[in-house]
Amino acid sequence: MTDLFQKLQDKIKQEQRITDADAQALFESNDLLAIGELAAEVNRQKNGDRVFFNVNRHINYTNICVSQCTFCAFSKLEGEDDGYTLALDEIREKAEEAVAAGATEIHSVGGLHPRLPFEFYLDMLRTIKAVSPQLHVKAFTAVEIDYFSRISKTTPLEVIHALREAGLGSMPGGGAEIFAKEVRDKICPEKISGERWLEVIEQVHNAGLKSNATMLFGHLENSADRVDHMSRLRQLQDRTGGFQSFIPLAFQPDNTRVPGAKGVGGVDALKTLAISRIYLDNFQHVKAYWVMLGMKIAQTALCFGVNDLDGTVIEEQIGHDAGADSPQEISKDRIINLIRKAGKTPVERDTLYNELKVY
Ligand code: V47
Ligand code: SF4
């Protein structure tokens with residue numbers, strides 16, 4: 001065993017934090033299995049052999065967006081073919097379908113629409129909650145919160161309070177992309193800065209709402225940018241404790257405009273998931289989002305430190321518009337089977353990680 005892995009094994013045994021330089025050294029190592037074993041050990045200490053999933057449904061309320069991120073194949077400009085905005089009745093129907101399918105969560109994000117008033121988003125939350133008050137609505141990213149505060153001429157904190165009042169339960173982790181300015185300026189020049197994303201999420205956490213955190217990888221960033229991204233998340237988590245899970249999102253290149261980006265292979269995906277598990281000692285959960293990873297890598301990730309497979313999803317657009325070859329939805333039985341076949345114990349959870357049923 002090399003010095004690096006011996007040193008890190010010792011740190012992990014003593015539940016010590018690894019440094020940015022350690023994480024960088026792991027990215028530079030080609031010993032995927034040794035990295036995976038370290039991550040699996042960290043995850044065993046934190047979560048045993050339990051793997052979480054939930055029964056959820058995505059609702060992307062509009063794909064019309066004023067911000068034209070070059071990695072995004074989902075967004076359309078107003079007036080373009082294929083642009084859509086769901087009516088409240090359509091949102092209600094989708095929420096009803098979700099409840100009929102046993103969903104406990106609606107995951108809802110959308111583009112930054114140039115004309116929808118802030119009231120629309122409040123009505124959307126009220127409409128979903130009217131279908132079933134028990135349904136947890138995990139919606140909007142820090143990017144949307146910042147945008148709503150601009151269109152409603154209020155502060156992010158006022159926006160957060162109004163959304164919560166209307167039924168918002170927690171927030172997903174999107175919009176983080178990669179914080180490093182040089183890369184961010186190339187892949188999403190019009191989006192809020194990494195610093196602003198972190199500032200808004202800090203307010204979300206301080207207001208008592210949980211969120212997730214994502215990292216979009218496999219485009220123009222290098223491993224130092226990935227470490228920098230995780231480092232800023234780890235520091236914020238030290239202050240708030242408001243992050244539930246970390247979700248590395250593997251870039252899907254089809255129909256996008258990121259020159260030279262080819263997407264992510266299996267080795268890089270597993271390595272990145274594993275290193276995040278080792279590095280983010282203050283995150284309880286690392287999620288393999290099967291939509292972007294594909295079913296086989298998502299399942300394999302369960303042996304590389306991952307303890308969450310997200311959910312049934314039902315209707316995914318962001319990854320599939322960019323060429324993701326995963327299915328549109330997976331059944332609860334299939335998730336349970338995938339987890340069991342990885343030698344783990346499937347646990348259905350709600351959005352806030354309360355255990356609903358052990359299978
Ligand atoms: O913010 C956009 C990403 C995100 C592409 O918190 C792309 O539980 C890959 O955040 N290739 C939205 N990724 C999805 C998201 C998410 C998904 C599942 C669970 C949770 C959670 C959050 O999708 C965007 C952006 O980073 N994205 N385009 C693409 N071509
Ligand atoms: Fe708009 Fe979000 Fe797509 Fe960027 S990633 S173009 S903000 S929908």
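Because the structure is a prediction, the values reported are computed rather than measured. Read the numbers this way: they start at 1 and go in the same order the structure lists the ligands and their atoms. Below, each value reflects all heavy atoms present in this structure, side chains not excepted, and no hydrogens, waters or symmetry copies.
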Determine whether the aromatic ring centres of [X] and [Y] lie less than 6.0 Å apart.
X: Phe217; Y: Phe251; answer: no
X: His219; Y: Phe71; answer: no
X: His285; Y: Phe246; answer: no

Numbering as shown, the atoms of ligand 2 that approach Phe71 to under 4.0 Å (heavy-atom distance):
5 (S)

Can you list the atoms of ligand 2 that are under 4.0 Å from a heavy atom of Ser75?
3 (Fe), 6 (S)

If you have a sec, work out which protein heavy atom is nearest [atom] and how many Å separate them, to one decimal?
atom: atom 6 (O) of ligand 1; answer: Gly173 N, 2.8 Å
atom: atom 1 (Fe) of ligand 2; answer: Cys65 SG, 2.3 Å
atom: atom 15 (C) of ligand 1; answer: Leu249 CD1, 4.0 Å
atom: atom 12 (C) of ligand 1; answer: Ile318 CD1, 4.0 Å
atom: atom 5 (S) of ligand 2; answer: Lys191 NZ, 3.5 Å
atom: atom 3 (Fe) of ligand 2; answer: Cys72 SG, 2.4 Å
atom: atom 6 (S) of ligand 2; answer: Ser67 O, 2.6 Å

Ligand 1 versus Phe71: contacting region, heavy-atom distance under 4.0 Å:
both

Record the part of Asp310 in heavy-atom contact with ligand 1 below 4.0 Å; permitted values are side chain, backbone, both and neither.
side chain

Cluster check Val55, Leu356: I/L/V/M/F/W/Y, side chain < 4.5 angstrom
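Unlinked, Val55 and Leu356 end up in two clusters.
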
Side-chain heavy atoms of Met295 within contact of Ile330, under 4.5 Å
yes

Student check: side-chain heavy atoms of His161 and Glu158 closer than 4.5 Å:
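Sidechains of Glu158 and His161: no contact.
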
For [X], the ligand 1 atoms whose distance to one of its heavy atoms is below 4.0 Å:
X: Ile247; value: 6 (O), 8 (O), 20 (C), 21 (C)
X: Gly174; value: 1 (O), 10 (O)
X: Leu216; value: 7 (C), 9 (C), 13 (N)
X: Gly175; value: 1 (O)
X: Gln252; value: 9 (C), 11 (N), 29 (C), 30 (N)
X: Asn212; value: 6 (O), 8 (O), 21 (C)
X: Lys138; value: 8 (O), 21 (C)
X: Pro172; value: 6 (O), 21 (C)

Please check if any side-chain donor atom of [X] sits under 3.5 Å from a side-chain acceptor atom of [Y], or the reverse.
X: Ser193; Y: Arg184; result: no
X: Tyr84; Y: Asn60; result: no
X: Asn282; Y: Asp238; result: yes
X: Asp22; Y: Thr19; result: yes

Please lay out, stage by stage, how Asp281 and Lys46 fare under the test salt bridge (Lys or Arg N to Asp or Glu O under 4.0 Å).
CA-CA 9 Å; Asp281 61 328; Lys46 284 190 183 302; over 6 Å; no

Geometric N/O contact [X] with ligand 1, under 3.5 angstrom:
X: Thr214; result: no
X: Thr256; result: no
X: Glu177; result: yes
X: Met292; result: no

Just to be sure I'm reading this right: ignoring hydrogens, which of Ala250, Ala322, Gly263, Ser245 gets closest to atom 9 (C) of ligand 1? Compare them by their nearest heavy atoms.
Ala250

Pick, from Gln244, Glu316, His320, His107, the option with the minimum heavy-atom distance to atom 19 (C) of ligand 1.
His107

Closer than 4.0 angstrom, basic N to acidic O: yes or no for Asp123 and Arg126?
yes

If we set the cut-off at 4.0 Å for heavy atoms, which region of Cys69 has an atom near ligand 2: side chain, backbone, both, or neither?
both

Could you label the plane-to-plane angle of the [X] and [Y] rings as parallel, tilted or perpendicular, counting under 30° as parallel and over 60° as perpendicular?
X: Phe148; Y: Phe118; answer: tilted
X: Tyr359; Y: Phe53; answer: tilted
X: Phe243; Y: Trp197; answer: parallel

